[in-house]
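Heavy-atom basis, side chains included; hydrogens, waters and symmetry copies ignored. What you are looking at is a predicted structure, and each value in this text was computed from that prediction instead of being measured. Counting convention: from 1, in listed order, for ligands and their atoms alike.
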Amino acid sequence: MSKINKESTEFGEKAVTPEEKTGLVRGVFDSVADNYDIMNDLMSMGIHRPWKDTLIRMIRPKAGLNYLDVAGGTGDIAFRIKKKINAQRPTKEGDITLLDLNPNMLSVGRDRAMNTGKGTDFNWVCGNAEYLPLEDESQDVYTIAFGLRNVTHIDTALTEAHRILKPGGRFFCLEFSKVQVPLMDKVYDLYSKNVIPFLGEKIANDRESYQYLIESIRKFPTQELLKRRIESAGFKNCHIRNLSFGIAAIHSASKSH
Ligand code: SAM
């Protein structure tokens with residue numbers, strides 16, 4: 001009997017129960033953690049870096065605020081936020097919290113912070129975007145980069161983001177999205193279907209995990225649909241910024257005062 005019923009969800013192309021999905025996603029990132037940073041550069045040909053820099057320019061990090069980076073993985077977003085704040089010679093203390101489902105990803109991030117002098121003053125939290133272990137209205141900025149498509153219940157994660165933000169707090173989601181240019185979508189589809197699992201097999205010896213990553217991109221809501229779901233979680237002023245023809249997009253929104 002098919003597992004597709006109201007209790008089922010998708011893990012890439014497969015129908016699974018919600019509990020199975022969370023466990024499978026944890027397994028994927030257990031498996032990719034050690035090679036995550038190098039594979040990210042290879043698969044995206046480095047383009048995830050300017051995308052992340054664009055996100056940071058939109059955030060305009062300032063000292064004295066509380067930042068929460070959900071699905072923070074090996075630290076790319078949190079480290080960039082910290083770098084911007086340090087450049088301002090801060091006088092006010094703020095907090096940067098990195099939360100991730102996967103302890104291995106966090107451990108790679110923590111080693112990276114130590115080994116590259118990025119500082120030790122991050123809060124590293126192992127947790128789920130769907131149940132944030134944080135007080136209501138405690139954070140100024142919420143970010144999630146390439147994380148939301150892995151979350152089992154996206155709307156629950158969005159509601160949690162809204163709950164923990166202060167009134168006036170800002171939400172940012174950087175995620176793969178729907179290519180907006182005809183033909184370009186075909187080229188991108190061919191690349192992602194063929195090249196990425198191939199690189200996963202040859203470099204990380206793990207075709208399956210990279211196959212899942214590609215399938216999860218294809219299943220993720222389009223720019224407009226995600227915007228509606230962000231608004232349904234209670235956010236206002238939701239804007240979409242497409243990156244590289246819509247291969248990725250940044251959704252930004254705010255919580256009302
Ligand atoms: N944000 C980092 C970046 O941009 O490089 C890492 C992105 S990585 C593709 C996705 C991350 O989401 C993984 O570290 C994974 O463990 C995490 N993740 C998946 N599901 C999650 C959930 N429900 N709650 C928190 N983190 C989750």
ask   = Would you say H48 contacts ligand 1, with heavy atoms under 4.0 Å as the rule?
value = no
ask   = At a non-hydrogen distance cut-off of under 4.0 Å, which region of K52 contacts ligand 1 (side chain, backbone, both, or neither)?
value = side chain
ask   = Closest non-hydrogen protein atom to atom 27 (C) of ligand 1, residue and atom name please, with distance?
value = L101 CB, 3.5 Å
request  = Look at E137 together with K255 and state whether they make a salt bridge at an N to O cut-off of under 4.0 Å.
outcome  = yes
query = Got an N/O contact under 3.5 Å between V70 and ligand 1?
reply = no
task = Please say whether Y36 places an N or O atom under 3.5 Å from an N or O atom belonging to ligand 1.
result = yes
inquiry  = Suppose I only count heavy atoms of A129 and a 4.0 Å limit; which atoms of ligand 1 are within that range?
reply    = 22 (C), 23 (N), 24 (N), 25 (C)
Carboxylate-amine/guanidinium proximity below 4.0 Å for R80 and D53 = yes
message = Which residue is it: I196, V195, I38? I am looking for the one with a side chain to side chain contact (heavy atoms under 4.5 Å, CB included) to M43.
response = I196
ask   = Is there a donor in the side chain of D30 and an acceptor in the side chain of N104, or the other way round, less than 3.5 Å apart?
value = yes
key: atom 2 (C) of ligand 1: nearest protein contact (heavy atom, Å)   = A71 O, 3.5 Å
task = Looking only at protein heavy atoms, identify the closest one to atom 10 (C) of ligand 1 and say how far it is in Å.
result = F146 O, 3.2 Å
message = Yes or no: does A33 have any heavy atom under 4.0 Å from an atom of ligand 1?
response = no
inquiry  = Is it the case that the side chain of D189 and the backbone of D185 share a donor-acceptor pair, with hydrogens and angles ignored and the cut-off at 3.5 Å?
reply    = no
ask   = For N128, is the nearest heavy atom under 4.0 Å from an atom of ligand 1?
value = yes
ask   = Less than 4.0 Å between a side-chain N and a carboxylate O, is that true for R228 and E231?
value = no
request  = Please determine if K166 and D136 form a salt bridge, counting it only when a charged side-chain N lies under 4.0 Å from a carboxylate O.
outcome  = no
Region of F29 engaging ligand 1 - heavy atom pairs below 4.0 Å = side chain
task = Go through ligand 1 atom by atom and flag the ones less than 4.0 Å from a non-hydrogen atom of G127.
result = 24 (N), 25 (C)
inquiry  = Any nitrogen or oxygen of D69, side chain or backbone, less than 3.5 Å from one on ligand 1?
reply    = no
Of the listed options D100, N102, D30, closest to atom 13 (C) of ligand 1 (non-hydrogen atoms) = D100
query = V151 to ligand 1: N or O pair under 3.5 Å?
reply = no
message = Can you confirm whether more than 12 heavy atoms, excluding those of F245, are under 6.0 Å from its CZ atom?
response = no
request  = State whether R49 and D41 are salt-bridged, where the test is any N-O pair (Lys NZ or Arg NE/NH1/NH2 against Asp/Glu carboxylate O) under 4.0 Å.
outcome  = yes
